[in-house]
Amino acid sequence: MIEKLGSLIERFKKETLINKLKMLWLLFFIPGLTGIIIRAVSGERLAGYGSYVPWGLWIAVYFHAVGISGGAFAVGVIGYLRGVRGLKENLRTTLIVSAVSLMTGLLAIWLDLGRPFRAYKILVSPNFGSMLDFNAWMYGIFLALVGLVFYLSLNKSGEEKTNDRSGWLVPILSLGVFLSIAYPSQSGAFFGVVDAKPFWSSAILPVLFLTSAVTSGASAMLLVHYYLLGDSANSAGPDEEPFPYLRKIILAGIVVYFLGEFSEYSLALWSPISHIKETILLIMFGRFWWVFWIIHIGGALAGFYLLFRSRSLNRLAAGALIIVTSFISTRLNILIPGQSIPEIRGLNEAFTHPRLSFSYTPTAVEYLVALFVISFGLALFHFSRRLLATFIEKNNGRRQ
Amino acid sequence: MTKKKTKTTPTQRDGDTSAKDAGKNISVLDRKDFISKLFKTGAGTLATTIVGNGMLKSVSSLYAQSKDNRAVKRKFRYGMVIDTRRCVGCRSCVLACKAENKTPSGVSYTVVFEEILENRPNDKPVFMTKPCFHCEHPPCTDVCPVSATFKRERDGIVVVDYERCIGCRYCMTACPYSARWFDFGENYPAIEQNTPWAQVPSPEYKQFRKRKNKQSPVGNVRKCTFCLHLQDEEGKYNKEEGRWPACAKTCTGKAIHFGDLNDPNSEVTVLLRERQYMRLKEELGTSPNCYYLI
Amino acid sequence: MSLLQEYFNDRNKVVKNLKLIFWTACALSLLIGFYGWFVRIVDGHIKANYGSIVTWGLWVAGYIYFIGLSAGSFLVSSLVYVFNYKKFERIGKLAVFTALVTLLMALLSIWADLGHMGRAWHVIVFPNFKSPMAWMIYLYSLYMLLIAVEIYFLLRYDFATGANNSTFKGKIYKLLSLGSKDSTEESKQRDKKVVKRLATAGIPIAILFHGGVGALFGVVSARPHWHSGLFPILFLLSALVSGGALLTLISSIFQQGWSKNKGVIIELGKMVLALLLLDVLFQVSEFLVAYRGGIPGHTAGFDLVLSGPYAWVFWGWQGLIGTVIPILLLIFPTRKSPLWVALAGLLIAAGIFGLRLNIVIPGLAVEEIHGLTSAIYSHRVDPHYFPSISEWALTMGIVGFGMLLFGLGEYFLPKHEEKT
Amino acid sequence: MTKKKTKTTPTQRDGDMSAKDAGKNISPEEAYSFSPVDRKRAISLIGAAIGLGAISTIISRIVPPPAVPEGDGTIRNLPQLKSGGTEGNSDNLIRMQNELRRAMAKPMESRRWLMVIDTRKCVGCHACTVACMAENRLPPGVVYRPVITDQQGRYPRQITRFFPRPCMQCDNPSCVPVCPVRATWKRPDGVVIVDYDKCIGCRYCLTACPYGARTSDFGSYYTEHTPEIQPYEQQPTNEYNKSWSREDHGSPVGNARKCHFCLHRLEQGLLPQCVSTCIGRANYFGDANDATSLAAEMARSGNQVRLLEEKGTKPSVIYLV
């Protein structure tokens with residue numbers, strides 16, 4: 001048995017990177033598929049959230065994916081505009097990463113809706129006074145803008161014209177950078193404007209959300225470029241652009257994020273009377289203490305160490321992987337604890353039902369569906385790149 | 001030193017109390033005494049005091065002593081219960097407090113404010129007299145950079161050490177009830193014109209300070225003390241003997257009730273048991289010791 | 001117009017005139033300041049206009065403003081000494097000196113504000129570490145020490161070499177060199193290393209203590225206008241903006257003036273513009289979150305800022321003079337002229353003072369319990385606060401004192417030497 | 001595929017790039033800097049985006065919400081009650097009933113519903129909670145009016161008070177502006193309602209309500225794990241004067257649901273179910289604009305509190321203590 005396993009591992013090791021990733025992907029996809037089927041059949045009955053904690057894991061996934069989208073776009077396009085090697089040739093890859101993770105996020109929140117098939121109403125009968133609607137429109141505009149940029153850059157495809165930046169490409173990209181910085185900040189404002197939850201009602205949330213978005217977006221970009229290298233990753237060094245550029249951004253992002261978080265937490269704990277002290281104690285020493293100490297702090301420390309030392313490209317990629325996964329805790333630790341403190345004393349006991357509880361644990365179905373969402377994103381990325389490659393080849397053939 | 005002079009005027013009373021205090025180790029007095037000694041030994045000037053060797057010694061013992069003071073076990077939880085239905089807004093509590101503590105212009109430990117109720121403009125407004133609430137979790141004491149203000153362990157009264165306070169006014173910003181007042185050194189004309197009234201010292205903290213320009217409490221933050229100078233050596237008040245907070249004693253409508261909230265038979269506890277009450281800004285978690293009956 | 005052009009072309013003349021303006025302003029401020037200090041010392045707080053509702057006034061605003069200038073210019077100097085940013089090397093020493101002078105100004109300002117000035121030493125002897133103020137005091141004591149040592153090591157070589165002159169200046173150099181006579185090249189290198197270490201240690205201290213000043217306000221949950229986790233970061237950012245802006249102004253007046261420091265000033269202008277825009281973004285975020293939320297206690301302070309009796313401080317002073325005009329100056333081609341950039345720096349540095357006022361006073365001016373200010377009739381229980389003449393005068397005096405220190409430093413301290 | 005080629009080795013990629021640039025005679029600095037045209041265009045685009053965003057937000061704040069679909073706001077004649085006397089002061093309920101009918105005869109804009117709950121009369125029997133669930137056929141996990149037990153102090157110095165918590169029907173509701181599809185709004189008569197046909201179930205309003213007064217319908221049944229889901233659970237609910245069937249995951253499953261002062265009963269001239277049921281007569285309900293109504297009378301007493309008033313929501317439910 002053990003020998004068999006050993007030989008399996010040996011065989012796995014011999015495979016190419018792409019094949020290895022494909023096998024890993026199946027590990028996400030197969031359980032995810034069962035999850036999505038259960039979600040489709042049973043509705044939201046098997047989800048763990050309720051009416052007092054109405055938002056759960058899926059929303060965290062959504063905000064994380066949207067953050068990655070905005071961050072990746074901002075980092076990638078600024079790199080492109082500044083002419084960072086590696087990013088300037090791969091503008092379209094940046095666009096794909098951004099668009100794909102945005103769509104992944106939208107899938108997550110779509111599955112979270114109570115009535116998913118009415119989602120179109122957000123666009124049909126809008127209320128721009130609502131942050132959610134404002135954000136939805138921004139996503140729409142952003143996706144359209146990505147498409148437009150894509151089209152403009154395709155027109156200039158071909159080896160000679162890679163660096164042709166005339167016309168409206170650069171101005172539109174600048175607008176895109178503005179939007180891609182604005183909407184992760186708005187995700188923070190999304191929570192910041194909710195007074196009902198004292199923990200959320202703070203002006204620092206937009207800043208924290210933006211920093212988290214840029215950090216995880218840059219990590220995602222680093223991973224994507226690692227993936228682009230394919231099997232030649234072992235021969236390339238960590239000093240080759242764009243890795244140092246992305247590495248610096250990630251490191252700075254981690255530092256700024258924790259500075260902001262330190263400022264928020266220390267103020268609340270220092271303050272003799274504070275509305276949010278209870279929430280922060282819940283985060284640090286509550287039932288999910290490990291999310292804060294192990295995933296959030298531990299993950300960031302490990303990632304920071306790997307990226308800071310940057311001995312080899314593999315380590316760099318490992319650091320980025322740790323950051324991009326562990327930074328979902330920045331969303332979870334704002335989302336769930338903010339809802340877990342009742343504003344009215346005694347509401348928890350007034351009427352007892354599992355849905356009317358202030359403690360939230362994600363159920364198996366929620367985890368499975370989250371896995372599906374992630375695998376969906378990965379697959380979408382892979383296929384859109386394939387599609388793009390064939391499309392460009394065809395297009396070039398016709399033009400030349 | 002100046003303190004010595006102020007001590008001599010109300011000879012008998014003052015001598016008694018300070019002797020008692022020194023023996024029994026209570027109240028802020030001891031620290032004040034220490035500092036006044038310290039000033040004396042410090043050859044009068046500030047610079048030498050700081051450098052002086054004796055200074056450091058006395059400071060350390062002073063600090064230890066202040067810690068001892070805090071370690072005294074909690075005996076009382078003094079609090080007020082104010083009946084808004086009985087309050088007619090006559091403001092005699094404000095005046096009584098002024099007369100008792102000799103507070104200058106611009107300092108008023110208790111104020112009465114009125115709120116005209118929505119929907120009934122012709123009715124009696126709700127009057128609320130507002131002393132310091134002596135919160136269970138006072139936000140003002142934590143922010144003091146020099147620990148000059150603290151909650152006394154034995155009876156829960158929040159006090160200010162006039163000798164230690166540097167007058168930075170941080171505690172005033174931290175108090176959500178505006179219960180602290182800064183003494184700007186302004187005086188009523190009676191003091192300015194040096195009438196006999198000016199000779200009467202303020203009995204606050206049993207320190208019997210006479211009002212002098214630029215000496216404490218001028219330049220200090222001042223606040224309601226529940227008239228703790230009227231306590232006996234065990235920290236008890238006595239209503240019959242008139243040793244009772246001035247505002248509660250004077251209230252014409254009998255709206256202010258004062259007593260020990262730890263005693264299950266005291267006036268205040270009985271009222272709280274039988275009537276409906278509320279406290280101001282409870283959402284801040286300060287847990288005030290003043291209750292309003294409604 | 002052409003006359004003006006001609007005038008500006010004669011650079012030496014402009015620098016000379018700038019210095020004349022500078023010394024006149026300094027003397028005037030000092031003169032007014034004497035009156036302010038006289039009143040403060042003789043009458044105590046009676047002549048000050050703050051009260052028991054608005055407990056902190058102009059002096060506290062001045063204090064956080066000056067301390068911000070200090071932290072900001074120190075962080076700029078650390079660009080040179082820690083991160084080896086060559087472009088600013090010319091003004092490295094000047095920036096450290098600015099940090100020291102503005103720190104002294106800040107301490108003077110808060111010292112005047114204490115109810116008992118003679119008891120300022122209590123905070124060192126009886127600290128309460130639960131209070132952010134005690135932490136802040138300890139941190140800036142450490143910071144002051146650090147800057148003083150750093151400035152000594154920065155200038156020690158020059159002192160040691162200059163001490164041989166028998167002129168008056170030489171004697172002063174001898175005094176300031178603290179007996180060090182080592183003027184070898186190795187000692188210069190050693191000093192450089194020491195400075196780098198000190199500057200590196202100074203960065204976290206500067207960030208912490210200025211963030212700590214923000215925390216001093218942020219922890220006060222009794223004042224919803226202040227109680228925000230964003231405050232420490234907002235303070236830091238404003239500090240960097242004001243420090244950088246002041247440095248553009250100072251480097252156009254001192255040392256070789258704006259003709260030689262042209263590159264530095266323009267570069268600083270770019271940095272200040274970026275930071276200012278970020279600062280504006282943060283403030284907008286504060287306003288938006290407050291107003292979208294709409295908790296009455298939370299918006300009351302912002303209402304005062306935007307439409308209170310002193311709304312002109314926000315719209316006119318902080319908004320127009322401190323933000324819009326300098327941004328325009330720094331965006332349009334005027335960004336290439338050091339004189340205009342220095343003007344923008346002056347405007348920003350002045351505008352940030354409005355920002356500090358708008359932090360301190362509206363946060364306090366909202367009555368905490370409805371009806372309190374009508375419960376008692378006293379001018380000390382009044383939400384309307386406008387600094388009194390003596391308050392203004394004292395602050396002017398502090399500014400004059402700072403200018404005097406700059407002037408003396410310019411005259412006595414060694415200048416940045418061009419490398420040959 | 002261009003990328004593949006450039007990716008092969010780092011050195012080669014370098015060579016490619018420089019060769020390209022050299023061929024076009026563009027220095028790298030030039031190629032990767034903003035031209036003045038680019039800057040102008042970028043600034044105008046971003047400016048336009050900011051302007052559009054600001055305008056759309058402002059307009060959405062200024063423009064009144066869409067017209068109320070139900071309630072014609074005309075003077076109506078309600079059927080007379082057959083049982084019980086309707087005259088005199090025999091019972092508070094009768095008096096309130098009459099006042100209610102008087103208010104319903106007015107146009108919707110000129111009445112404003114108000115609920116006053118006397119906590120001194122409330123005994124904590126939870127009858128209102130149960131009556132509400134029966135009236136609105138609430139599934140598990142959905143509750144409009146739980147009764148909160150508030151205990152102050154410790155035995156023997158203890159007070160126990162009960163606070164039934166309906167929706168506060170705030171005058172400044174924080175749940176309304178956050179809805180992305182305008183599916184919830186405040187009617188002119190003060191009731192905050194949800195349009196089940198419009199709601200997409202994003203639950204933003206649930207998080208925005210500080211009272212926890214909104215709950216989400218997850219589509220479960222009390223008799224779910226028994227041999228048969230009982231037909232009485234599947235009966236449609238008649239909220240908002242319409243029959244809503246739960247079958248096939250139909251609305252209100254997946255929607256946000258909340259107390260609406262039993263609007264469908266008001267339309268028939270009946271008091272809200274919780275008020276009718278209350279065994280202690282602790283509830284008063286009526287038109288705040290009618291100064292003579294019992295509820296308005298009770299709302300003038302001094303011993304009143306409103307929950308979480310500091311949030312600025314201005315609740316229409318008043319507690320007497």
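Naming convention: chains lettered A, B, ... in sequence-line order (proteins, then strands); numbering from 1 in each chain. Note that the structure is a prediction, hence the values are computed from the model and not measured.
Taking all atoms of both residues into account, the shortest heavy-atom contact from G229(C) to L267(A) is CA-CD1, 3.8 Å. Of all heavy-atom pairs spanning W135(C) and W270(A), the tightest one is CD1-CZ2, 3.3 Å. The minimum heavy-atom distance linking H227(C) with S271(A) is given by the pair CE1-OG, 3.9 Å. Looking at every heavy atom in both residues, S285(C) comes nearest to P206(A) through OG-CG, 4.3 Å.
Neither the backbone nor the side chain of F217(C) has a heavy atom closer than 4.5 Å to any heavy atom of chain A. Proximity to chain A (any heavy atom under 4.5 Å) is shown, for F287(C), by neither the backbone nor the side chain.
The number of heavy atoms from other shown groups lying within 6.0 Å of CZ (F332(C)) does not exceed 12. Residue F358(A) places its CZ atom among more than 12 non-hydrogen atoms of other residues, nucleotides or ligands, all under 6.0 Å distant. Enclosure of atom CD in E278(A) is not indicated, since only 12 or fewer non-hydrogen atoms of other residues, nucleotides or ligands lie within 6.0 angstrom. Residue F262(A) qualifies as open at atom CZ: its count of foreign heavy atoms under 6.0 Å is 12 or below.
Most heavy-atom pairs under 4.5 Å with chain A, from the set G211(C), S131(C), P132(C): that is P132(C).
Here the straight-line distance linking atom CE of M131(A) with atom CG of L288(C) works out to 7.0 Å at 0.5 Å rounding. Distance check: S263(A) OG to L234(C) CG gives 10.0 Å after rounding to the nearest 0.5 Å.
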